[in-house]
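Scroll down for the structure; my scribbles are underneath it.
These values consider heavy atoms only, across backbone and side chains, with no hydrogens, waters or symmetry-generated copies. Letters A, B, ... are given to chains in the order of the sequence lines, protein chains preceding strands, and every chain is numbered from 1.
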There are 2 protein chains.
Amino acid sequence: MTPAAAPAAPSDLPLRERKKLRTRRDLVDTALRMFTERGFDGTTLDELCAAVEVSKRTFFRTFTSKEDVAMAPTQDLWQVFVERLTDRDPAGRPLAAELQDVLLEALAAMPDDGWAERTLLSRRLAASTPSMDAHGLHFCNRTSAGIVADLHRRLDLDPADPRPRLAIDLVVAAWHHALDSWTAQDGGHTRDALADRVRAAFAALPGALTFTAPARVAAAD
Amino acid sequence: MTPAAAPAAPSDLPLRERKKLRTRRDLVDTALRMFTERGFDGTTLDELCAAVEVSKRTFFRTFTSKEDVAMAPTQDLWQVFVERLTDRDPAGRPLAAELQDVLLEALAAMPDDGWAERTLLSRRLAASTPSMDAHGLHFCNRTSAGIVADLHRRLDLDPADPRPRLAIDLVVAAWHHALDSWTAQDGGHTRDALADRVRAAFAALPGALTFTAPARVAAAD
DNA sequence: CCGGATTGTGCCACTCAGTGGCATAAACCT
DNA sequence: AGGTTTATGCCACTGAGTGGCACAATCCGG
């Protein structure tokens, strides 16, 4: 429920909450490090909990699963995304463009202190760990379903109109492609570079539907 | 690896293979029934295996996970999809349109004998079981990644061009929306009705990118 | 600064998904 | 029929995830 990885409020929060946030942060950082060094399957929760000096019971009060802790960076981003979208009136201009703007805003709101590094580790792990990939996709699907439901409520759209949902799915597809290509690139894994990838992916969307592979000439090799 | 739920070859196959296929079919049918009646989490693998009179070890030689057995109908469809696509030359016309045709072909190739019913149960379960939803999305993502890689190989496309992948993701988004709305509709859960939903979702794709929610007039209620 | 109310944590035992190894039985092939 | 191949059953084991309860740390009113 709490933003967590955002170290936004180090003080002004009751001591208890700050401790919880610190524990959460420790768990995420240690998990990403251990999973990266020894593999996701090669690391048991008991080992992770021992390293952070926390009981397994506490781990499951903070995260819903072993996969969950390693997906924290992405979840933090989408949480901000949803918050920002709630503050807006998305009517009167193309929905997909609106969502693109909100996504870029949320991205810009991610903390400077290491969010990009954590995201990179998280994505690399997801690429090689089926259960993490599955967990991430489910989170994304659940979140976008919530967004669609919210939009229908706020804008009282025709429930039978498939376009709002398809619009979100288009945005999500572009986001995923941006994230994958950013993860795969050599170096320069900054937040701004990711934002550039997002813009490029969005720009490619209109042409994707009509994209036609050129017929090959006879002898090419 | 084997097509399985397709009862295409009842004979002409060695006895051993037929037995395996029968076991697989029994497992899928019984699993869908038990999961539907008692819930996914309310059914243990031991109970399922006892009902089919198969050892748990054998179950895991046929399916990779508890979720897997309940997703069999969808997987059978996409397996045919991939096979059909391999037999084609997708160059020279819009890729998305080509993929739409292949999807409708694969759909038409699904057996009459109850595929639609199994799919309906499977989707309803997935809608209420997070781990099944996650598993299904992961399968879908892995499959489409394979398709993209194959297309790049066969058509030697520019590896940096995001459009082929986005095109697939668009098709997948339309498919998912078609499947969800078909699942949610009242009655008439036939293969043909699903095909109609698929066509409708595809038709809505071009408008999704430019969809704009109408600005609300002041007093609506 | 101290009391009780509140809330987070540690420990323990438990269920159940998923895996590896090995013996056995069924189907295959002359 | 007889030897080979291949699937199945059984058993023990790891590790994720959960519920219950006692304990300790924080909070808050005096």
Please tell me which of the listed nucleotides, dG20(D), dT19(C), dG17(D), lies nearest to the side chain of R57(B)?
-> dT19(C)
Rounded to whole angstroms, how far apart are [atom1] on [X] and [atom2] on [N]?
| X | N | atom1 | atom2 | result |
| --- | --- | --- | --- | --- |
| K66(B) | dA16(D) | NZ | P | 18 Å |
| K19(B) | dG9(D) | NZ | C1' | 14 Å |
| E17(A) | dT9(C) | CD | C1' | 14 Å |
| F40(A) | dA16(D) | CZ | P | 8 Å |

Going by atom types only, do Q100(B) and R199(B) share a side-chain donor-acceptor pair under 3.5 Å?
-> no
Could you say whether R61(B) or R16(B) is positioned toward the 5' end of DNA chain C, judged by the nucleotide with the nearest heavy atom to each?
-> R61(B)
SB check D26(A) K19(A) (cutoff 4.0 Å) = no
Would you call R153(B) and D150(B) a salt bridge, using N to O less than 4.0 angstrom?
-> yes
What is the nucleic acid contact for K56(A), judged by heavy atoms within less than 4.0 Å: base, sugar-phosphate only, or nothing?
-> base
Select base, sugar-phosphate, or nothing to describe what T43(A) touches, counting heavy atoms under 4.0 Å on all strands.
-> sugar-phosphate
So which of D196(B), V198(B), L120(B) actually passes side-chain contact (heavy atoms from CB on, under 4.5 Å) with W182(B)?
-> L120(B)
